Every structure is written in structure tokens, then in C-alpha cells.
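Everything below concerns the one structure shown next.
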Amino acid sequence: MQEKKSPPAKHDVIQSIKIFVFGVCMMSFFIIGLMLFLRPKVSMIEKRPLAEFPEFTAAGLWDGSFFKKIDIWYSDTYPLREEMIAASKKVESFYGSRSEQIIEGKNDQAAPPPKPPAENQPPAQNNQPEPEENLPDGTIHGIGEIRGQIYIANNSGYELYTFLEDNNLNFVKTMNDIYSRFRALVNFYVMLVPNSAGVMLDKSALEYLGTSDEAVAFDFVLSRLDGGILKVNSLPTLRKHNAEYIFFHTDHHWTGLGAYYAYVEFCKVKGIQPHDIKNYEQKVFPGFLGSFYSSSNQSPEIAANPDTVIAYLPKDADKMTIFDKDGAAQTYPIIIDVSDYHPSALYGAFVAGDVPLAVVHNDKISDGSGVLVIKDSMGNAFIPWLVDHYENIVWVDPRYFEGKISDLVHKYHITDLIFEVGVYNASNTYIHKRYDQISW
């Protein structure tokens, strides 16, 4: 008599289904990985170029480095890489796990950071300058934590700064040397820009974190500059206005309002009247997740507090000409419409981000005045405030500019030369090298 086969157990069926689904998923991921046209070249979240496919060499084949580079390229440019990282961080948040360092301050009653306005709504009071005699204190106290490279308190990120005396001395020497070359041609300004930690965190928190007080760096640098250099120090003013929306919560840059206060300080040093911010038209771009989001390992606390980029439109001119390294020119608005940009790229609304060279000609002014700004990315939000004061507005980013500065001074009739640099970059050896490499 033939034996009857017993039906497969329920457990075996489920296990077979799991194996089949897993196999389908793995095959799908493999096929997606082969789609070269989907592979990104730049990480928008991490703000860096991704690995390129390695060049084949016999030596690389022999020592195995060629295959290691292919492995790095494959994983770095996988089409779904950023989405998978974000999903992983989301899953981690469900478990409440923390591998980061908790920092406890002396007062856990921290004032919440000022909020940006809602989309298409007029700015709240803390997005407009307030009378000097009626300024609330927005200093951050209390409990925070280190996520990745970022200190987080009240769902806002802060980049910590370390004062390096030798590096700052090198910066001072560079500024004094450049001033000696141009002192007969231009008014020479140096404007240091603080970061948000130096403006927003209280002194006890800075000491507890082991980070430097930026006021020390400002005093050190500005006091050692040549006496003929005009110094613009916006740190005290920004600290007075730290209850306002002057720095982004998710990014290391200042806002358009923060840059406005530096512009006001510049006008004081130059001896001109600043324009009233209330007379400027605004463009509003919500949903900004900046550099702190990527540097904090995509912190959910940062993601929960996205920024709004508020850009103020110059009144006298609205177009700029951008030149690439080869001298090719293109025309763009001074304030770019970034409505459809990636959430990490919205700071690009200001003068199209970091470009080698850009020029604005203001037809409303015909006095022959010209300003040249040598800047880092903090200058992007500052430059639009200068447009209504000069016939020619020129700026270069020393990280990308390949031309000769004296040629620009003569061509555009430059009367004011402004070095704008973040306090962090004042001690950045890479920036110092770029200054040395530029043809002056």
C-alpha cells in the first residue's frame, strides 16, 4: 500500500515564502545597483561629491586596490543610498538608542529657539530688528547632546569652535600682507563672522563643552591687524539680538536677518546710513535642512525643527553675472528661486551659492563706486545688502577663483575691498593656502 505524503507544515511554508521574498528583494537591489544612469554624483544630504569609478591600472589590479575602489564606488553611489540611510535612522529612533554623548548644563530651563515664519506668512516679530532698549535674551542654557560632530540643544544644532593661536596669527599676517599691497588703492575692511554657538550658547555651556569663547578669537585677530585696516565686528550686536531668528537651527550659516546686522555694523564703520530692512521685499523658502542635519548623522531632533530661508531682494538691481573658472558667463537673479531645490540646498537662494566670481552692475548709481568682497559662504547672505550702495558689486570665493585680484580692482573701479570670513575659516589652513595661491 502506497504511503500518503503529509502536507508541508505551516512553518515550512512560511519559511519558504520568507526565503522567496528575500531573494526577490536582493535581486531587485542588485538590478537597481547595475543601473548606472541612476547613480548620483553628489550627496545632497552630506554636501559632498561621491566616489568616482576608479581608473584601471595594472598596479591597482596587482595589489587589489582597484577592486577596493570599485567596492567604495559601488556603495557610495548606490541609487537608494541616502533613502536607506534615512530609513535606518528612522528605525533607530524607534528603539530610542543613543550612542552619542549627553551634555548636562547648569540650567535645564532653556528658552526655546525662535521659530521661522510659516510659508507665505509675514515674518513674526523675532524676524525683524527690535529696538535696542527692548531686546530679550535668547541665550541657550541647559541640557544638550553631541550627535556626530554637532552639539544639539532645543532641537537646534551648534558647531563647536576651538581657538588655535598659530593659525589665527597666520591669518593676521596674510591680511596685513594683502593690505600692504592694496592700501593705496582701496579702503580695506576685515569682517569676521561668528558661528551660532558663539552667539547663542552661554559661557558656562561653552566651558563645559571645552570649546572656545569666540570673543577671545575676535579680540585676538582684530587687535593684531594693521592700524589702517577697517575692522567690522558683528559679534556683540548679534549676541544682543540672539532672541531673533539670526542663525539657522539646522545649518551653520546665519540667516538673512543675521547678515543684516553685520551689514549695519559695516555701514557704521564705513560711515553711511544702512537701509531699513522693512522696506525690502522678501522671498520665503520653508523646509530647509542644512549642514547640521548631515553632520549630526541625520538627527531626528534636527529634522523635527526645519528652517525657513528668508531672502531680502535688493531694490536697485535684481541680476548678477556669474563667471566659472574658464571665464564663461551666465546671468542669474541675485536671489534665486529655490522652491524646487533639495531641502539641503535652500541656502543657495543667496547669490546662487559659492561661485568663483560674480558681478552686479547697479544702474541706479553712477558715482564710480565699487566693492569687491573676498568671502566664504557666510558672505552669500551678506552680499545682497551691499547691492544698493555701489555702482559695481563684485565677489570672489578664494576656494574656486583662479584670476588676478588686482585686475578686478582696476576693471570694476573698486573703492572698497572687504575680506569676509567666518571665525572658523580664519584658522583654517586650507583657506590660508588658497589665499597664498591666488594671484594678487
Side-chain angles (χ1 to χ4, degrees), residues 122-123 127-129 182 185-189 191 230 232 234 254-285 309-323 327 329-338 347-375 378-397 401 403 405-420:
N127 294 295
Q128 295 285 7
F182 289 95
L185 300 174
V186 300
N187 301 310
F188 195 95
Y189 298 82
M191 183 175 78
L230 300 162
V232 181
S234 61
W254 53 10
T255 65
L257 178 59
Y260 175 79
Y261 285 124
Y263 152 75
V264 171
E265 290 303 309
F266 168 75
C267 289
K268 289 179 183 178
V269 176
K270 182 172 171 58
I272 59 175
Q273 184 67 31
H275 294 152
D276 192 332
I277 194 173
K278 296 176 183 177
N279 296 330
Y280 285 82
E281 181 185 349
Q282 300 175 14
K283 293 292 184 182
V284 179
F285 307 103
V309 174
I310 303 171
Y312 300 82
L313 278 65
K315 294 180 290 184
D316 290 351
D318 61 357
K319 299 293 183 184
M320 61 183 178
T321 303
I322 292 176
F323 299 87
Q330 287 184 291
T331 300
Y332 291 93
I334 296 171
I335 301 300
I336 302 290
D337 184 355
V338 293
Y347 187 71
F350 300 106
V351 300
D354 298 326
V355 298
L357 168 66
V359 177
V360 173
H361 181 72
N362 185 346
D363 292 331
K364 303 289 181 64
I365 298 177
S366 56
D367 59 2
S369 60
V371 61
L372 170 59
V373 183
I374 299 176
K375 56 110 197 146
M378 300 294 280
N380 299 352
F382 172 73
I383 287 166
W385 296 114
L386 301 177
V387 169
D388 298 327
H389 289 280
Y390 295 90
E391 183 175 348
N392 292 310
I393 305 92
V394 185
W395 61 96
V396 302
D397 191 315
F401 180 67
I405 296 298
S406 58
D407 288 346
L408 298 179
V409 169
H410 293 293
K411 180 177 180 178
Y412 294 103
H413 309 290
I414 298 301
T415 52
D416 292 342
L417 177 58
I418 304 173
F419 265 87
E420 174 283 319

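Every value quoted in this text rests on a predicted model; they were computed, and no experiment measured them.
Within the 3.5 Å criterion, the main-chain N or O of Lys364 finds no donor-acceptor partner in the side chain of Asp316.
Summarising the geometry of Ala381 relative to Ala259, their closest heavy-atom pair is O-CB, 3.4 Å, with the distance given to 0.1 Å. Ala317 and Val387 get closest at one heavy-atom pair: CB-CG1, 3.9 Å. The minimum heavy-atom distance linking Tyr347 with Met378 is given by the pair OH-O, 3.7 Å. Closest non-hydrogen pair, Leu313 versus Gln282, comes out as CD1-C, 4.2 Å. Minimum interatomic distance between Ile335 and Pro384 (heavy atoms only, all atoms of both residues): CD1-CG, 4.1 Å. For the pair Ile277 and Leu257, the tightest heavy-atom approach, listed with the atom from each and the gap, is CD1-CD1, 3.8 Å.
Annotation: side chain of Trp385 is in contact with side chain of Tyr280 (closest heavy-atom distance under 4.5 Å). Contact annotation: the side chain of Asp416 never approaches that of Ser369 to less than 4.5 Å [non-hydrogen atoms, C-beta and beyond]. With a 4.5 Å cut-off on side-chain heavy atoms, Val232 and Lys270 do not count as touching. Taking the side chain as every heavy atom from C-beta outward, Asp337 and Phe285 approach each other to under 4.5 Å. For the pair Val186 and Val409, the minimum side-chain heavy-atom distance is below 4.5 Å. You'll find the side chain of Asp318 stays beyond 4.5 Å of the side chain of Pro333, heavy atoms only. Side-chain contact check for Trp395 versus Ile374: every heavy-atom pair is 4.5 Å or farther apart. Looking at Ile322 and Met320, their side chains come closer than 4.5 Å, going by heavy atoms from C-beta outward.
Between atom CD1 of residue Ile334 and atom NZ of residue Lys319 there is a gap of 9.0 Å, rounded to the nearest 0.5 Å. Rounded to the nearest 0.5 Å, atoms OH (Tyr412) and CD1 (Ile393) are 11.5 Å apart. Here CD1 of Ile414 is found 11.5 Å from CG of Asn187. Values are rounded to the nearest 0.5 Å. With rounding to the nearest 0.5 angstrom, the CG atom of Leu372 is 10.0 Å from the CZ atom of Phe188.
A centroid separation of 6.0 Å or more is found between the aromatic rings of Trp254 and Phe350. Separation of the Tyr312 and Tyr260 ring centroids does not fall under the 6.0 Å cut-off.
Between Tyr189 and the choices Phe266, Phe182, Tyr263, Phe419, the ring pair (Phe, Tyr, Trp, His ring centres under 6.0 Å) rule is met once, by Phe266.
No more than 12 heavy atoms of other residues, nucleotides or ligands shown are found within 6.0 angstrom of NZ on Lys283. Heavy-atom contacts from other residues, nucleotides or ligands closer than 6.0 Å to NZ of Lys315 number more than 12.
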Stepwise side-chain contact (heavy atoms from CB on, under 4.5 Å) test for Ile310 and Thr255 | CA-CA 7 Å; Ile310 303 171; Thr255 65; over 6 Å; no
Step by step, would you call Val309 with Val338 a side-chain contact (heavy atoms from CB on, under 4.5 Å)?
-> CA-CA 10 Å; Val309 174; Val338 293; 5.9 Å; no
Verify side-chain contact (heavy atoms from CB on, under 4.5 Å) between Leu408 and Leu357, making sure each step is shown before the conclusion.
-> CA-CA 10 Å; Leu408 298 179; Leu357 168 66; 4.0 Å; yes
Would Ile383 and Val360 satisfy side-chain contact (heavy atoms from CB on, under 4.5 Å), going step by step from the backbone distance to the final call?
-> CA-CA 10 Å; Ile383 287 166; Val360 173; over 6 Å; no
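Neither side chain, Asn362 nor Asp388, offers a donor N or O lying under 3.5 Å from an acceptor on the other.
In this structure, the ring-ring contact (aromatic ring centres under 6.0 Å, His included) partners of His275, at least two apart in sequence or on a different chain, are His389.
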